Amino acid sequence: MADGAGRGERGMRRVKGWLIDWVLVTLFLLMVDFLWLAFSGRRGPTGLLLSPEEILDLLHYLPLLAVSAALAGLWQAAAGILGESPGWALTRPLDEAPSPVLWTSTLRGWFVALLIELTVFTGWLVTEVQLVTFLTQFNKAADIVRGLVNPSSAVLHQGLILLVQTIFLAFMATAFAIPVAFVLSFFAARNLTRGSALARSLYNLVRAAMNFTRAVEPLVWALIFISWVGIGPFAGVLALWVHSVAALVKLYSEQIESIDHGPVEAIMATGASTLQVMRYGVVPQVIPPFLSFTIYRWDINVRMSTIIGFVGGGGIGYILKPRVDLGLWGEVGTLVLLIAATVWCMDILSAKIRERIV
Amino acid sequence: MNGAAAARDEVVRIEGLGKVFPNGVRALDAVDLSVRRGEFLVVIGLSGSGKSTLLRCINRLIDPSEGRIWLFGEEMTALQGAELRAMRTRVGMIFQQFNLVKRHSVLANVLSGALGRASLLPSLLLRFPEADRQVALAALERVGLGGRDASRADALSGGQQQRVAIARALLQEPELILADEPVASLDPALRHSVMRHIEALNREEGMTVICTLHDVDLIRRYATRLVALRDGKVVHEGDPEKFDGETFKAIYGEEAEPTPGLVG
């Protein structure tokens, strides 16, 4: 069966395999280059040893890209002698069994093992790991830890009041998100938007808008809403609301996409209108998972609302930030414990309720 | 019988019906079919022969690719929107998997058969006129489920759920019933209990029935006429009494053997 399609697939596999090998060999050579520069004793213009950033700037990117492209090609061409390349192995069809050999007996095995080790060494230098400093200078942070384990009662009263605000903030953000997400999720479900070109384009529009909204962090949304409505818990509510709508639309619409189509057909067959089909065929199937997701979202919102105050979005974070800046570690300790206790309670509560629903 | 009377008598008329799915699979190919009022037409054929697609084309749950369909003298394939929905209310449908709304009560499921004539807002709040409620309770009584109206639908057994589905179809007061493998998911011992209810609708209420079945015993017992599909084409049409080994091979292929229990 050496037909055209088979040859075409094999050709595609060659190209894909070679691309993967090219990337892997390039990474390998770049890291060798990096380590060679780091340990060569070369000094920069200031006379000091090169910093990791300076080395990253000096690497021979273009020549190495060319060399690795040739090496990857060579490996594919001489697979008979060198053994299968990693790219060839990764593009193997799923139904084709790999040859059962020990990794130490193949070039590919040694290449991948070395690649992993090179990555660890390079990463160690790039992130400037300092084990000795970590192990010997604990005393510099002792004040903070002492404060955390000796919470001061000075801020307890205010902390408790703002904790109530924090929980309400999370609740309102979730409550406002439910109706908006509920309606939008029907337009974001692929199985309900196949009917017309209009439905299709609404689907794409809602999906794109929600993906963008979700990609922007709640802290950034908080900054936007603080300019809009001013510093305070309402800005936090709006920030978490926007993010919750996007997250819930995703979860809700995935649930709608996985419903049993049978009841939808049965209700359609009675001559029911579109809204009636949604109400009878779709909604009863998605209510329990929707409830579960919503409680989970409230749980997440409580966590987020504790830090939304760092940028001025209200809640307990609003009094936590200045105390961190002033180094009032005892008061910070009180607030952190309050937050931890709340998050812990919400976590257990939401898990228990969701267990009962689904 | 003159032509006009014959046309009045004709519930379903199908001409050159074809369906090709977006994935390229051809489910129906040039199907011509005519069903007269009061018939109990059984459609047979292997899985994938197009039986379910044929039934779903009749009430336009699936839009055909080719050909035309007339229901009660009106061209079904030309209807859109409200007119299409109005026509669907005259056609009840029963499914292999019952397709009840599992989390609703039995009564709410039966009442959903009246959605086509219900006013929108109350129906979205699950409210129906008292008259419909009385009809629904009577329909439940009729299928032997009186007193179970407040149970949740998924609390019932398979046979009971299918009888709820029949009561739901009954609420539409349909002139035509489409039954897609109505007993295939049921215990063999319960099949007649469901089939007898469908037969009663046919005999007592004069509803026309188009039903897909697998079991030769049931075909012989209930069908007044038989149509067989193979690869989306009608390959046999005839009297269920004369359903024998020859026709069996014509329908299911030379490879298939009628087991003694099935055709004897």
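Order of the sequence lines fixes the chain letters, A, B, ..., with proteins taken first and strands second; residue numbering starts at 1 for each chain. Everything numeric in this text was worked out from a predicted model, so none of it was measured.
The number of heavy-atom neighbours closer than 6.0 Å to CD of B:E83, taken from other residues, nucleotides and ligands shown, is 12 or below. When the shell of 6.0 Å around CZ of A:R200 is examined, it contains more than 12 heavy atoms from other residues, nucleotides or ligands. Enclosure of atom CZ in B:R26 by more than 12 non-hydrogen atoms of other residues, nucleotides or ligands within 6.0 angstrom is indicated.
Put simply, of B:G92, B:S123, B:G116, B:G113, the one with the most heavy-atom pairs under 4.5 Å next to chain A is B:S123. The greatest number of non-hydrogen atom pairs below 4.5 Å with chain A, out of B:Q97, B:R168, B:R56, is found for B:R56.
Just one residue in the list B:V101, B:L115, B:L124 forms a side-chain contact (heavy atoms from CB on, under 4.5 Å) with A:R279, and that residue is B:L124.
Only the backbone of B:L100 comes within contact range of chain A, with heavy atoms under 4.5 Å apart. Contacts of A:L275 with chain B are made by both backbone and side-chain atoms, with heavy-atom separations under 4.5 Å.
Across all their heavy atoms, B:R103 and A:P284 have their closest contact at CD-O, 3.0 Å. The shortest heavy-atom contact between A:S273 and B:L120 is OG-CD1, 3.9 Å. Closest approach of A:A269 to B:M93, counting heavy atoms only: CB-CB, 4.0 Å. Looking at every heavy atom in both residues, B:R88 comes nearest to A:G271 through CB-CA, 3.7 Å.
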I would like to know whether A:Y280 and B:L126 meet side-chain contact (heavy atoms from CB on, under 4.5 Å); could you show each step before the answer? CA-CA 9 Å; A:Y280 285 76; B:L126 308 185; 3.4 Å; yes

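When only modelled atom types and interatomic distance are considered, A:T270 and B:Q172 share no side-chain donor-acceptor pair under 3.5 Å.
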